[in-house]
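Every chain is numbered from 1 and lettered A, B, ... according to where its sequence line falls, protein lines coming before strand lines. Note that the coordinates shown come from a computational prediction; the quantities given were computed from them, not determined experimentally.
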Amino acid sequence: MPELPEVEVTRRQVERVLVGATILKVWTSEPSYFFVTEPALLKKRLRGRLVRALTRHGKYMLATFDDDSRLLLHLGMTGQLSTTDFPGDPHVHLRLELSGNKGLFFRDVRKFGKVEWLRPGHSSPRLDKLGPDALVVVPEEFYARLSARKISIKQALLDQSILSGVGNIYADEALFAARILPERASHTLDQPEAKRLLREVKRVLDKSIQHGGSTINDYLQPDGELGGYQNWHRVYGRTAEPCPRCRTAISRVVLGGRSSHFCSSCQK
DNA sequence: GCACATGTTCTCGG
DNA sequence: CCCGAGAACATGTG
């Protein structure tokens, strides 16, 4: 479900109920690796806190509280934040009761998501190793980072320590738009190609945010609405369908353990 | 039963 | 240290 656009759409809606609210009550499911911070400690640290801000870096959201402690959230593969509860649903792992009769609910079927509380003035290794956000990075830095690596450009885009926010869908869509093959070695892209690729990365991410993200299986916005950008995917999930530019059948290969969809004719 | 899934992280061998 | 392949995490869908 969640790459940068889905996380940003989620952040914008959650911000409206969370910022300015006080956490009155915290409910958690049983301990699991979903909880980087143990549920018992998490409850103790969150109760009574006033939320000052909700920001995003790549696929991570970060809530900042009145005492300068923070809460790091990652949606993993199937995580979703909702402003309404899922009564009786066994996949809900965190429920926050907020002032003003509001609530925030974290559901995650596969539990690849993460919740980590950060004490004031402290960070987290997961946060520290992230590369620049895909919507913020400038072309010069993007090019420099790609030039330093011999892995495929597809794997470079997916590596969150090189660039953060791009996942499997938007990597394929951006490479198609920039007419670059996913197997191309990262360091073989020249400066104009890197610039073109970054422009398309940003264009694809922005457009998806405008459409509310991509709903492939179960992604829902916090208000329960479906995303709409899946209808604009040009190669992702379209193996063997005609390329929208040249009608060549879309190819699928596995790179870094993830499927890559591309046109072997118009991507070079 | 099998293949596959929008993510991250670790291991092993080269 | 860099790189690729494969697996692990947990659960669902087709």
- Watson-Crick and G-U pairing of DNA chain C, under 3.5 Å, as dot-bracket with | and [ ]: .||||||||.||||
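A salt bridge links A:Arg95 with A:Asp85; the closest basic N to acidic carboxylate O contact falls under 4.0 Å. Salt-bridge annotation for A:Glu193 and A:Arg179: absent, with no side-chain N of the basic residue lying under 4.0 Å from a carboxylate O of the acidic one. Checked for salt-bridge contact, A:Arg196 and A:Glu200 miss the test: no charged N lies under 4.0 Å from a carboxylate O. A salt bridge is defined here as a Lys NZ or Arg NE, NH1 or NH2 lying under 4.0 Å from an Asp or Glu carboxylate O, and A:Asp172 with A:Lys154 meets this definition. Look at A:Asp133 and A:Arg56 and you find a salt bridge, because one of the NZ, NE, NH1 or NH2 atoms lies within 4.0 Å of a carboxylate O, short of that distance.
Put simply, A:His91 has a side-chain N or O that comes within less than 4.0 Å of OP1 or OP2 on C:dG12. In this model, the phosphate group of B:dT9 is approached by a side-chain N or O of A:Lys129 to a distance below 4.0 Å at OP1 or OP2. Contact annotation: A:Ser259 reaches the phosphate of B:dA5 (side-chain N/O to OP1 or OP2, under 4.0 Å). The side chain of A:Arg252 places an N or O atom within less than 4.0 Å of a non-bridging phosphate oxygen (OP1 or OP2) of B:dA5. Neither OP1 nor OP2 of C:dC9 sits under 4.0 Å from any side-chain N or O of A:Lys111.
Remark: C1' of B:dA5 and CD1 of A:Ile169 are 10 Å apart, rounded to the nearest angstrom. Taking atom CG of residue A:Leu130 and atom P of nucleotide B:dT9, one finds them 9 Å apart after rounding to whole Å. Residue A:Asp108 contributes atom CG, which lies 13 Å from atom P of B:dT8 at whole-angstrom precision. Taking atom CG of A:Asp128 as the reference point, atom P of B:dT9 lies 12 Å away to the nearest angstrom. Distance, A:Ile216 CD1 to B:dG7 C1': 15 Å, rounded to whole Å. Counting to the nearest Å, the C1' atom of B:dA5 and the NE2 atom of A:His233 are 14 Å from each other. Look at CD on A:Glu3: it is 12 Å from C1' on B:dA5, rounded to the nearest Å. The distance between atom CZ of A:Arg258 and atom P of B:dT8, rounded to the nearest whole Å, is 8 Å.
Remark: A:Lys114 qualifies as a cation-pi partner of A:Tyr33 under the 6.0 Å distance and 45° angle criteria applied to the six-membered ring.
Taking atom P on both B:dA3 and C:dG6, the two are 14 Å apart, rounded to the nearest angstrom. Straight-line distance between the P atoms of C:dA10 and B:dC4: roughly 22 Å, to the nearest whole Å.
Looking at heavy-atom distances under 4.0 Å, A:Tyr170 makes no contact with the nucleic acid at all. Residue-level contact check: A:Lys59 touches the backbone only, with heavy atoms under 4.0 Å from sugar-phosphate atoms and none from bases.
Under the side chain to side chain contact (heavy atoms under 4.5 Å, CB included) criterion, A:Asn217 pairs with no residue, sequence neighbours left out.
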- Sugar-phosphate atoms are those with a prime plus P, OP1 and OP2; base atoms are the rest. Using that split, label each nucleotide of nucleotides 1-8 of chain C B, S or - for protein heavy atoms under 4.0 Å, 5' to 3'. --SS----
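Checked against the 6.0 Å centroid criterion, the rings of A:His261 and A:Tyr236 qualify as a close aromatic pair.
Ring stacking is absent between A:Tyr33 and C:dC9, as the pair misses the limits of under 5.5 Å between centres and under 30 degrees between planes.
The OG1 atom of A:Thr78 sits 4.0 Å away from atom CG of A:Asp108, with the distance rounded to the nearest 0.5 Å.
Inspection of the A:Ser214 and A:Tyr219 side chains reveals no N or O donor paired with an N or O acceptor under 3.5 Å.
Comparing atom distances between the A:Met77 side chain and each of C:dG12, B:dT8, B:dA5 picks out B:dA5 as nearest.
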